[in-house]
Amino acid sequence: MFETERESMVRHQLEGRGIIDRRVLDAMRMVERHLFVNEDDRPYAYEDRPIPIGSGQTISQPFMVALMTQTLSLAGDERVLEIGTGSGYQTAILAELAQDVFTVERIAGLQVHAKRCLDPLNYTNIHYKTGDGTLGWSSQAPFDRILVTAAAPRVPQKLFEQLKIAGRMVVPVGGRLSQELDLVLKKTGGKMQVMHRGGCIFVPLVGKDGWERD
Ligand code: SAM
């Protein structure tokens with residue numbers, strides 16, 4: 001279903017705007033985004049925008065999913081920590097491209113729903129946790145890659161601690177209304193290097209090392 005819409009999304013919204021990672025493009029061609037939105041929203045699933053998924057949260061715009069995933073630079077053998085499971089769509093893309101995905105969501109109902117969407121797709125490399133993702137997942141650390149899909153006021157310290165040396169974290173950082181997409185590198189000796197990858201708008205990362213409230 002929706003093959004034409006999906007192909008058009010990849011051609012115009014992703015390739016047309018500079019997404020060049022073949023593996024990312026192939027994954028986004030394959031994963032059926034309409035399965036991750038409410039039934040009424042399925043006809044709009046491939047449009048160039050975020051879509052509400054309940055509890056005041058959204059499934060991210062396809063271009064933003066592609067840009068964040070490309071920025072992670074995945075070869076296939078990485079252990080990835082994702083903060084903000086949301087609909088589970090980005091989780092599926094990561095599960096296609098990495099060895100293992102550890103995904104944390106603070107809203108239990110959303111995680112249940114995401115799991116319900118992902119289970120029939122038979123991924124065996126997704127691990128779920130409900131809780132405050134600003135604290136990471138210490139028992140599974142360290143991670144090769146960390147992706148934060150909500151807006152942080154600063155780079156969350158615990159997440160940086162749980163990143164491997166030479167690891168990469170992608171995180172929107174800034175104010176509540178708009179942010180910069182940051183690529184955070186952990187250099188030898190544990191030094192942090194931050195590079196900006198463009199402006200973005202995300203829902204707030206709410207937790208101990210994030211914003212106090214939605
Ligand atoms: N990537 C998701 C997708 O494809 O549907 C979209 C994620 S949505 C933009 C951001 C998610 O981050 C929301 O589901 C929100 O509940 C979650 N979130 C916010 N703060 C969090 C925290 N401290 N820990 C875990 N999840 C958090």
Side-chain angles (χ1 to χ4, degrees), residues 9 14 24 27-28 31-38 41-42 44-72 80-98 101-118 121 123 126-138 140 143 145-159 162 169-174 176-179 181 200-214:
M9 171 192 84
L14 311 187
V24 173
M28 293 194 61
V31 176
E32 298 184 298
R33 184 172 159 91
H34 61 273
L35 299 179
F36 295 85
V37 300
N38 298 325
D41 288 323
R42 287 189 172 177
Y44 319 114
Y46 298 93
E47 290 186 358
D48 183 21
R49 62 181 173 97
I51 297 173
I53 54 170
S55 306
Q57 307 303 321
T58 53
I59 179 172
S60 306
Q61 175 199 26
F63 173 71
M64 195 46 69
V65 172
L67 178 64
M68 290 176 114
T69 313
Q70 175 170 274
T71 306
L72 280 179
V80 181
L81 175 66
E82 179 193 38
I83 306 304
T85 315
S87 68
Y89 173 68
Q90 170 83 70
T91 316
I93 299 291
L94 294 174
E96 290 287 339
L97 299 172
V101 183
F102 298 83
T103 186
V104 185
E105 171 57 55
R106 69 180 262 268
I107 301 174
L110 281 184
Q111 188 144 63
V112 168
H113 189 262
K115 196 165 181 308
R116 215 174 275 148
C117 296
L118 286 161
L121 305 179
Y123 291 109
I126 301 177
H127 315 277
Y128 301 87
K129 181 174 165 176
T130 306
D132 179 4
T134 65
L135 305 177
W137 194 331
S138 56
Q140 295 294 341
F143 300 97
R145 302 286 187 267
I146 298 180
L147 177 60
V148 183
T149 70
R154 60 196 159 270
V155 175
Q157 191 53 37
K158 283 266 182 296
L159 297 186
Q162 292 176 25
M169 176 178 355
V170 175
V171 52
V173 176
R176 286 184 70 93
L177 298 182
S178 68
Q179 308 85 33
L181 187 63
C200 55
I201 298 177
F202 276 84
V203 295
L205 179 75
V206 179
K208 275 220 171 81
D209 200 3
W211 296 98
E212 264 177 37
R213 53 177 181 78
D214 279 304

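Worth knowing before you read on, the calculation uses all heavy atoms, side chains too, and leaves out hydrogens, waters and symmetry mates. Counting convention: from 1, in listed order, for ligands and their atoms alike.
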Note the single closest protein heavy atom to atom 14 (O) of ligand 1, along with its residue, its atom name and the distance in Å. Glu105 OE1, 2.7 Å
Under 3.5 Å: N/O of Gly133 near N/O of ligand 1: yes
Any side-chain heavy-atom pair from Leu81 and Ile83 closer than 4.5 angstrom? yes
Less than 4.5 Å apart, any side-chain heavy atom of Tyr128 and any of Glu105? no
What residue and atom, counting heavy atoms only, is the protein's closest point to atom 27 (C) of ligand 1, and at what distance? Arg106 CG, 3.7 Å
Just by modelled atom types, is the Phe202 backbone N or O under 3.5 Å from a matching donor or acceptor in the Gln179 side chain? yes
Do me a favour and list the nearest non-hydrogen protein atom to atom 19 (C) of ligand 1 with residue, atom name and distance? Pro204 O, 3.6 Å
May I ask whether Thr85 has any heavy atom positioned less than 4.0 angstrom from an atom of ligand 1? yes
Shortest non-hydrogen pair, Ala45 vs His34, comes out as CB-CA, 3.5 Å
Numbered atoms and elements of ligand 1 in range of Gly84, under 4.0 angstrom, heavy atoms: 1 (N), 2 (C), 7 (C), 11 (C), 12 (O), 17 (C), 26 (N)
shortest atom 5 (O) of ligand 1-to-protein heavy-atom contact is with Ser87 OG, 2.6 Å
Contact (N/O only, under 3.5 Å) between Val206 and ligand 1: yes
Does ligand 1 have any atom that is closer than 4.0 Å to a heavy atom of Gly131? yes
Side chain to side chain donor-acceptor pair (under 3.5 Å) partner of Asp209, chosen from Arg154, Lys158, Gln157: Arg154
For the atom pair CZ (Phe143) and CD (Glu82), what is the distance rounded to the nearest 0.5 Å? 12.0 Å
Quick one: look up the protein heavy atom nearest atom 6 (C) of ligand 1 and list residue, atom name and how far away it is. Thr58 O, 3.3 Å
Going by the 4.0 angstrom heavy-atom rule, the piece of Ile107 near ligand 1 is side chain
